[in-house]
Every structure is written in structure tokens, then in C-alpha cells.
Chemist: 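Quick one: structure below, then a few questions.
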Amino acid sequence: MYSIVMFAYNEEKNITKSVSSVFESVDGALEKLFVIANGCTDGTIDVLKALQPNFNKLEIVELKVGDKCNAWNEYVHNIAPNCPVHFFIDADVQFSKNCFPQMAEHLNNTSCETVAIAGMPLSGRNIEFYRSLVKERSCFFGNLYGLKYSFLETMRRANFKLPQGLNWIDSFLTKAVNTNLNFFNYNLPNRVTHLDKVGYCFDSLSLFKKDDIKLYFNRIARYELGKIQEKHLDSLDVKDWPDSMNNINDKIYNNLTQEITHLSFFKKYLVTKRIERLIDKA
């Protein structure tokens with residue numbers, strides 16, 4: 001058996017396509033598809049409820065806090081059922097045929113030291129670069145990855161949680177898996193596996209669509225701020241990580257000129273606007 005959790009924040013336009021793609025790519029071993037709608041202010045919940053009669057293994061979880069780290073923590077520590085494999089996916093992608101049973105079987109058949117499987121990128125302008133990250137550096141991405149239940153248990157025992165407000169989640173989860181939560185500066189061997197032609201795809205962003213341009217700029221700001229946050233968390237023992245990034249964000253903001261000196265003018269602008277919004281929101 002395997003379980004799937006999808007994280008959705010204001011995905012009214014994409015959620016039907018993604019949920020349908022999941023159910024076209026699973027088999028009878030699916031335990032549940034949990035869709036965690038975190039802090040949605042659009043019609044995402046209404047769309048999900050309309051879909052629910054068509055998919056009896058679809059379970060909707062509503063969270064008031066609009067934060068993916070909080071939703072991830074909630075699934076790992078409070079929701080995840082006791083089944084061998086758990087898949088984590090985003091709500092704006094689609095999946096290759098039979099990818100979930102294929103990935104679950106492959107991960108189940110690996111040695112005990114292998115605890116994760118990366119979904120392979122199957123579309124995108126930089127597909128070869130991202131595929132190389134999977135193959136050469138044991139990376140995986142939030143669009144699609146799977147974890148063994150044994151590693152969820154390891155994280156529960158260690159009370160490992162992602163701080164709310166962390167912007168670059170994929171990087172930290174990759175390091176968590178590859179170092180078995182120790183966060184040293186090298187990877188343990190054989191922690192992540194993959195299947196070469198099994199994974200996810202997505203619709204490319206368009207320069208002629210206002211929403212796509214906004215999404216692209218938000219993505220740049222999120223990644224660049226995440227890299228800055230990463231330096232601050234790397235200076236702490238993982239046991240000392242805060243519950244939220246608020247204090248670290250304050251520290252970044254108070255020293256912003258130095259923190260963003262390496263960025264281009266445009267990226268400086270995007271990161272500045274993003275950190276200002278986070279400070280105001282806190």
C-alpha cells in the first residue's frame with residue numbers, strides 16, 4: 001500500500017487536472033490521496049468538494065495557516081497512515097502513467113539504506129539540468145517524491161519539523177534524507193533512487209499571461225530568499241531550528257544590504273519585496 005499527499009494553496013485553476021492525473025496514475029494499492037489545502041482564499045476547496053464524489057479515496061484536509069512547511073509537518077507527524085510508502089506532490093503538475101505503483105514497487109525493493117525515490121522531470125526548459133541533479137547529486141523536488149514509512153518514523157522520533165516560513169523546502173528535505181537528519185556537508189550513499197522515465201510534467205509558463213509572469217517572479221524571490229535563509233539555518237544544529245523563520249527573517253531584513261549584495265538588481269528588488277511582505281505578515 002502507499003499514500004499520497006498533495007499540497008494546495010490557491011490552486012483553483014489547476015487542482016482538477018492534477019487530482020485527475022493522480023487517479024489516472026495509481027492502482028488498487030492506493031490507501032488515500034490527502035489534499036491539504038493550506039490557507040486557501042480562492043475556490044480550491046469548492047472544486048475539491050465537487051471532485052470528491054468521483055474519487056472515493058480523496059480526502060480533503062483544510063488548514064487555516066497558508067504555509068507549506070506547516071502542512072508538511074501536519075502530514076508527517078499527524079496524518080500519514082501506516083503504509084510502506086508515502087508520496088509528496090504539488091497541485092500544479094501531472095504524472096506519468098502508472099508512476100505511483102512503479103515508484104512504490106521500486107522503492108520497496110531497495111535496500112534499507114535507500115529511503116527516498118525522486119520523481120523524474122519529464123518536461124520543462126531546463127529538464128536536462130534538473131534530471132542531472134537527480135542522477136548525480138541525489139536531489140529530489142517537491143513536485144513528486146516518495147519516502148519510506150521507516151524514514152517518516154525516524155523523523156517522528158527525532159521530532160524533525162520544517163520551520164514555518166522556510167522558502168526553499170526541496171533543498172532542506174534533500175539534505176535531511178541524504179544525511180539521515182544529521183545535516184553534515186556530504187551525502188550518505190544510496191539514500192535516493194529513481195526510475196529514469198517515471199515522474200511528472202507541467203505546463204510551461206507563458207510570458208504573455210499575467211498570472212504566469214507573477215508566478216515566475218514569485219518563484220525567483222522564493223528561491224533566492226530560501227538560499228539566504230539556508231545559510232542561517234546551516235549555522236544552527238538541527239535540534240535548535242526554530243518553529244518559524246520569523247526571527248531569522250528579521251535578522252535578514254535588518255542586514256538586508258549585505259545579505260543580497262551578490263544578487264542582480266532585479267533579484268534584489270524581488271527579494272526585498274518578499275521579505276518586507278513576510279515581516280508585515282508576521
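Not measured: the values here are computed from a predicted model. Sequential numbering from 1 along the given sequence is applied to the chain's residues.
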Chemist: Under the criterion side chain to side chain contact (heavy atoms under 4.5 Å, CB included), which of V35, D92, D42 is the partner of I15?
Modeler: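 Considering V35, D92, D42, a side chain to side chain contact (heavy atoms under 4.5 Å, CB included) with I15 is found only for V35.
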Chemist: Would T114 and K148 count as a side-chain hydrogen bond (donor to acceptor under 3.5 Å, both in side chains) if you check the C-alpha gap in whole Å, the side-chain angles of each, and the deciding distance to 0.1 Å?
Modeler: CA-CA 8 Å; T114 304; K148 285 181 178 177; 5.8 Å; no
Chemist: Without swapping roles, check the side chain of N38 against the backbone of L63 for a donor-acceptor pair under 3.5 Å.
Modeler: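 Not a single qualifying donor-acceptor pair exists.
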Chemist: Going by heavy atoms in the side chains, are H86 and F88 under 4.5 Å from each other?
Modeler: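 A side-chain contact under 4.5 Å exists here.
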Chemist: When Ile, Leu, Val, Met, Phe, Trp and Tyr are grouped by side-chain heavy atoms lying under 4.5 Å apart, directly or through other members, which residues fall in the same group as I127?
Modeler: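 So far as hydrophobic clustering goes, I127 is joined with none.
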Chemist: Should we count CD of Q52 as having more than 12 external heavy atoms under 6.0 Å?
Modeler: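 Enclosed.
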Chemist: Quick one, L33 and V19 - any side-chain contact, counting heavy atoms below 4.5 Å?
Modeler: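 L33 reaches V19 side chain to side chain.
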Chemist: Determine the minimum heavy-atom distance between L122 and S96, stating which atoms define it.
Modeler: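 In this case the closest contact between L122 and S96 is CD1-CB, 3.7 Å.
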Chemist: Would you check if the side chain of D170 reaches a backbone N or O of G142 as a donor-acceptor pair within less than 3.5 Å?
Modeler: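 The answer is yes, because a donor-acceptor pair under 3.5 Å joins these two groups.
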Chemist: Do the side chains of L263 and I252 join up, straight or via other hydrophobic residues, at under 4.5 Å, putting them in one cluster?
Modeler: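 Yes, L263 connects to I252 through the hydrophobic network.
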Chemist: Would you call the rings of F100 and Y2 parallel, tilted or perpendicular if under 30° counts as parallel and over 60° as perpendicular?
Modeler: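 It falls in the parallel class, under 30°.
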Chemist: Please report the shortest heavy-atom distance between C139 and A118, naming the atom on each side.
Modeler: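 Minimum heavy-atom separation between C139 and A118: O-CB, 3.7 Å.
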Chemist: Which other residues belong to the hydrophobic cluster containing W168, where Ile, Leu, Val, Met, Phe, Trp and Tyr are joined when side-chain heavy atoms lie under 4.5 Å apart, directly or via other members?
Modeler: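 In the cluster with W168 are Y223.
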Chemist: Just verifying a value: how many Å separate S3 OG and L30 CG, rounded to the nearest 0.5 Å?
Modeler: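 Spacing of OG (S3) from CG (L30) equals 7.0 Å.
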Chemist: Counting C-beta onward and ignoring hydrogens, is there a side-chain heavy-atom pair between I36 and E62 closer than 4.5 Å?
Modeler: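 SC-SC contact between I36 and E62 ruled out.
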Chemist: Honestly curious: do F129 and M120 fall in one hydrophobic cluster under the side-chain, below-4.5 Å linking rule?
Modeler: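 Shared cluster, yes.
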Chemist: Is a donor on one side and an acceptor on the other found under 3.5 Å between the side chain of S25 and the backbone of C99?
Modeler: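 No, S25 side chain to C99 backbone: no donor-acceptor pair under 3.5 Å.
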Chemist: Can you list everything that forms a salt bridge (Lys or Arg N to Asp or Glu O under 4.0 Å) with K32? Sequence neighbours excluded, please.
Modeler: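 Residues passing salt bridge (Lys or Arg N to Asp or Glu O under 4.0 Å) with K32: E59.
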Chemist: Rounded to the nearest 0.5 Å, what separates atom CD in E11 from atom CD1 in I45?
Modeler: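 So the CD of E11 and the CD1 of I45 are separated by 12.0 Å.
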Chemist: Does anything in residues 153-163 form a side-chain hydrogen bond (donor to acceptor under 3.5 Å, both in side chains)? List the pairs, not counting sequence neighbours.
Modeler: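 Sorted result for residues 153-163: Y149-R156, T154-R157.
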Chemist: Does V76 reach the side chain of F160, with side-chain heavy atoms less than 4.5 Å apart?
Modeler: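 No, their side chains stay 4.5 Å or more apart.
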Chemist: Does the pair H232 and E259 meet the rule for a side-chain hydrogen bond (donor to acceptor under 3.5 Å, both in side chains), with working shown?
Modeler: CA-CA 11 Å; H232 288 266; E259 297 279 11; 2.8 Å; yes
Chemist: Answer with yes or no after comparing the ring centroid distance for F172 and W241 against a 6.0 Å cut-off, counting only values under it.
Modeler: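 F172 vs W241: aromatic centres under 6.0 Å.
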Chemist: V5 versus I89: any side-chain heavy-atom pair under 4.5 Å?
Modeler: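 No, their side chains stay 4.5 Å or more apart.
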Chemist: List the atom of N167, the atom of R274, and the distance in Å for their closest heavy-atom pair.
Modeler: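 Smallest heavy-atom distance, with atoms named: OD1-NE, 2.6 Å.
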Chemist: Say whether, by atom type as modelled, one donor and one acceptor occur between the side chain of S18 and the main chain of V93 under 3.5 angstrom.
Modeler: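 Side chain of S18 to backbone of V93: a pair is present.
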Chemist: Is the number of heavy atoms from other residues, nucleotides or ligands within 6.0 Å of NZ (K267) greater than 12?
Modeler: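 It does not: K267 NZ has 12 such atoms or fewer within range.
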Chemist: How many angstroms lie between atom CD1 of I117 and atom NE2 of H194, to the nearest 0.5 angstrom?
Modeler: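 Result: 9.0 Å between the selected atoms.
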Chemist: List the steps and the verdict of side-chain hydrogen bond (donor to acceptor under 3.5 Å, both in side chains) for D67 and Q164.
Modeler: CA-CA 7 Å; D67 183 86; Q164 288 189 36; 5.7 Å; no
Chemist: To the nearest 0.5 angstrom, please state how far the CG atom of N98 sits from the CD atom of E105.
Modeler: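 That separation rounds to 11.0 Å.
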Chemist: Run the numbers on F141 and Y200 for ring-ring contact (aromatic ring centres under 6.0 Å, His included), then give the verdict.
Modeler: CA-CA 10 Å; F141 312 109; Y200 63 92; 7.1 Å; no
Chemist: Check for me whether the distance between the ring centres of Y145 and F87 falls short of 6.0 Å.
Modeler: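 No: the rings miss the under 6.0 Å criterion.
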Chemist: Determine whether L236 and L173 fall in the same hydrophobic cluster, where Ile, Leu, Val, Met, Phe, Trp and Tyr are linked whenever their side-chain heavy atoms lie under 4.5 Å apart.
Modeler: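 As far as the 4.5 Å side-chain criterion goes, L173 and L236 are connected within one cluster.
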Chemist: Let me confirm one number: the CG-CG distance from N246 to D250, rounded to the nearest 0.5 Å.
Modeler: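 Atom-to-atom, N246:CG and D250:CG are 7.0 Å apart.
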Chemist: Can you give me the closest heavy-atom contact between R131 and P121, atom names plus distance?
Modeler: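 Where R131 meets P121 most closely, the heavy atoms are NH1-O, 3.4 Å.
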Chemist: Within the side chain of Q229, is there an N or O that forms a donor-acceptor pair under 3.5 Å with the backbone of G165?
Modeler: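 Here the side-chain-to-backbone pair exists.
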Chemist: Measure the spacing between OG1 of T257 and NZ of K268 and express it to the nearest 0.5 Å.
Modeler: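 Output value for this atom pair is 8.5 Å.
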Chemist: Where is the tightest heavy-atom contact between A8 and C40, given as atom of each residue plus distance?
Modeler: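 Closest approach of A8 to C40, heavy atoms only: O-SG, 3.4 Å.
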Chemist: For the residue pair E12 and V47, what are the closest heavy atoms and their distance?
Modeler: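 Result for this residue pair: CG-CG2, 4.1 Å.
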Chemist: Please indicate whether K13 has more than 12 foreign heavy atoms, meaning atoms of other residues, nucleotides or ligands, lying under 6.0 Å from its NZ.
Modeler: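 It does not: K13 NZ has 12 such atoms or fewer within range.
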Chemist: Does any part of the side chain of N247, heavy atoms only, come nearer than 4.5 Å to the side chain of P242, both counted from C-beta?
Modeler: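 In short, these two side chains do not touch, never coming nearer than 4.5 Å.
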Chemist: Quick check: are there more than 12 heavy atoms from other residues, nucleotides or ligands sitting under 6.0 Å from CZ of F183?
Modeler: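 Count over threshold, so yes.
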Chemist: So L225 and L278, do their side chains get closer than 4.5 Å, heavy atoms only?
Modeler: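 They are in contact (side-chain heavy atoms under 4.5 Å apart), so the answer is yes.
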Chemist: According to the side-chain hydrogen bond (donor to acceptor under 3.5 Å, both in side chains) rule, which pairs have a member within residues 175-188, sequence neighbours left out?
Modeler: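 Sorted pair list: K175-E230, K175-D234, N180-R191.
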Chemist: With heavy-atom distances below 4.5 Å as the criterion, would you say the side chains of V238 and L181 are in contact?
Modeler: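 With C-beta onward as the side chain, the pair stays apart.
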Chemist: For the pair N10 and T41, evaluate side-chain hydrogen bond (donor to acceptor under 3.5 Å, both in side chains) and give the outcome as yes or no after the intermediate values.
Modeler: CA-CA 6 Å; N10 287 351; T41 58; 3.2 Å; yes
Chemist: I'd like to know if the side chain of H106 and the backbone of T193 have a donor-acceptor N/O pair within less than 3.5 Å.
Modeler: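 No: the side chain of H106 does not pair with the backbone of T193.
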Chemist: Looking at T16, is its backbone amide N or carbonyl O close enough to the side chain of S20 to form a donor-acceptor pair, meaning the two atoms are under 3.5 Å apart?
Modeler: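 Indeed, once roles are kept as given, a pair shorter than 3.5 Å links the two residues.
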Chemist: Check whether Q102 reaches the backbone of K97 with its side chain - one donor and one acceptor, N or O, closer than 3.5 Å.
Modeler: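 At least one qualifying donor-acceptor pair exists.
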Chemist: By the ring-ring contact (aromatic ring centres under 6.0 Å, His included) test, which pairs, at least two apart or in different chains, include something from residues 13-50?
Modeler: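 Matches after skipping sequence neighbours: F23-F55, F34-Y75.
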Chemist: I'd like to know if K135 and D196 make a salt bridge, using a cut-off of under 4.0 Å between side-chain N and carboxylate O.
Modeler: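 Yes.
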Chemist: With clusters defined by side-chain heavy atoms of hydrophobic residues (ILVMFWY) lying less than 4.5 Å apart, directly or transitively, does W72 cluster with Y9?
Modeler: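 No, Y9 and W72 fall in different hydrophobic clusters.
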